[in-house]
Amino acid sequence: MRFDKVLITVDVQLKAESLQQYLPCSSNIIGRTLAEIAGDYERENKTGYYPAIEFFKTLDKVDPDLILSAEQVAWLVSKLAREIIQSKLRPIFSSVQFQSIQTLAFSLPKVRPLQPDAIEKLSAHYTPDSVKVELVLTMMRRDSEAEDDRAEPYARKMMFRWLQPEFESIEIKNSKAI
C-alpha cells in the first residue's frame, strides 16, 4: 500500500438557496451595492481600475456596516464551503486537509471600467458567495495501482463528481501530485 497526495486549488460558488437559509437578505445585494460604490469611485477619480473591498474601509462615505456584512457573509460562506467539501470528500479520500480558504470577493477585481457590462461583472465579483480553496487530498492505493501515476487526474475527477451537485459552480484551477 502507498499513500498518494494531491494538492488541488478550486473555486466554488455556493448555491443561493444554501446561503439564503442563513441570511436575512441576498448576498447579491452586498455585491450590487459595492459595485455601485466602486463604479462611482472610479468615475470620480478616474483610476482606470476598481479597488478591492478592503479599500472601501478607508472611504468616509461607505457605510462600515456594509463592509461588516460582507465580511460576515464571507466568513459564513467559507465555513459552509469547508463543511460541504469535508463531508462529501471524506468518504472518498483517506484525508482531506485544508491549506487555505479565501473569499474571492476580497481580491482585486479583474473587471476593468471600459469592459462591457462592467458593473454587472463587478457586482458578481463583490458578492461574497465564492471562495478559493486549496487542499491536500490523500488516497490509499495498492502498489499495483501505483505504477500508473494517475492519482492527480483521479482526484480531480472524484472531486468534481462529488462536489459539482453541491455548488452553483466549481472550477478546478490547479492540481499536482505531491
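The chain is numbered in sequence order, starting from 1. Note that the coordinates shown come from a computational prediction; the quantities given were computed from them, not determined experimentally.
For the residue pair Thr138 / Ser95, a side-chain donor-acceptor distance below 3.5 Å is found, with atom types taken as modelled.
For Lys46, the side chain to side chain donor-acceptor pair (under 3.5 Å) test picks out no residue, with sequence neighbours left out.
The cluster map of Ile, Leu, Val, Met, Phe, Trp and Tyr, joined by side-chain heavy atoms under 4.5 Å apart, puts Phe98 and Val131 in the same cluster. Under the 4.5 Å side-chain heavy-atom criterion for ILVMFWY residues, no single connected hydrophobic cluster contains both Phe3 and Met139. In the hydrophobic clustering of ILVMFWY residues, with side-chain heavy atoms under 4.5 Å counting as a link, Tyr154 and Ile178 come out apart. Transitive grouping of hydrophobic side chains (ILVMFWY, heavy atoms separated by less than 4.5 Å) brings Ile172 and Ile101 into a common cluster. Taking hydrophobic clusters as Ile, Leu, Val, Met, Phe, Trp and Tyr residues chained together by side-chain heavy-atom distances below 4.5 Å, Ile53 shares a cluster with Leu23.
No side-chain donor-acceptor contact under 3.5 Å links Lys132 to the backbone of Ser100. Asn45 contributes no side-chain N or O that, together with a main-chain N or O of Thr47, makes up a donor-acceptor pair within less than 3.5 Å. Side-chain N or O atoms of Ser18 include none that pairs as donor or acceptor with a backbone N or O of Leu14 at under 3.5 Å. Remark: the backbone N or O of Phe93 is paired with a side-chain donor or acceptor of Arg90 at under 3.5 angstrom. Listed for the Ser123 side chain is no donor-acceptor partner under 3.5 Å among the backbone atoms of Ile119.
With rounding to the nearest 0.5 Å, the separation of NZ in Lys15 from CG in Leu80 is 13.5 Å. With rounding to the nearest 0.5 Å, the separation of CG in Leu68 from NZ in Lys57 is 9.0 Å. Rounding to the nearest 0.5 Å places NZ of Lys88 at 10.0 Å from CZ of Phe167.
Results of the side chain to side chain contact (heavy atoms under 4.5 Å, CB included) test with Met159 over Val96, Val6, Leu135 single out Leu135 as the only residue that passes.
The shortest distance between side-chain heavy atoms of Thr103 and Ser78 falls below 4.5 Å. Considering only heavy atoms from C-beta on, Asn174 stays 4.5 Å or farther from Ile8 through its side chain. Put simply, the side chain of Arg156 reaches to within 4.5 Å of the side chain of Glu152, judged on heavy atoms. Side-chain contact between Tyr50 and Phe55 is absent, with no heavy atoms from C-beta onward closer than 4.5 Å. Between Leu19 and Leu76 there is a side-chain heavy-atom pair separated by less than 4.5 Å. Within the 4.5 Å cutoff, the side chain of Leu7 has heavy atoms near those of the Glu134 side chain.
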Please list, one pair per line, the donor and acceptor atoms closer than 3.5 Å that link side chains of residues 104-113 to other protein atoms, with sequence neighbours excluded.
unit_1 : atom_1 : unit_2 : atom_2 : d
Ser107 : OG     : Leu104 : O      : 2.6
Arg112 : NH1    : Pro109 : O      : 3.4

Identify all side-chain donor-acceptor contacts of residues 29-42 below 3.5 Å with residues at least two apart in sequence or on another chain.
unit_1 : atom_1 : unit_2 : atom_2 : d
Thr33  : OG1    : Ile29  : O      : 2.7
Asp40  : OD1    : Arg43  : NH2    : 2.5
Glu42  : OE2    : Gly48  : N      : 3.0

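Contact detail for Glu166 and Ile84: the closest heavy-atom pair is CB-CG2, 3.7 Å. The shortest heavy-atom contact between Gln97 and Lys5 is OE1-NZ, 4.4 Å. Heavy atoms only, all atoms of each residue included: Gln13 and Asp129 are closest at NE2-OD2, 2.9 Å. Shortest non-hydrogen contact noted between Val77 and Pro128 is CG2-O, 3.0 Å.
Other residues, nucleotides and ligands contribute more than 12 heavy atoms inside 6.0 Å of the NZ atom of Lys121.
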Q: Show your working on side chain to side chain contact (heavy atoms under 4.5 Å, CB included) between Leu163 and Ile85 and close with a plain yes or no.
A: CA-CA 7 Å; Leu163 296 181; Ile85 291 168; 4.0 Å; yes

Q: Mind running salt bridge (charged side-chain N to carboxylate O under 4.0 Å, His left out) on Glu44 and Lys61 for me, showing each step along the way?
A: CA-CA 13 Å; Glu44 290 168 13; Lys61 60 183 173 182; 3.0 Å; yes

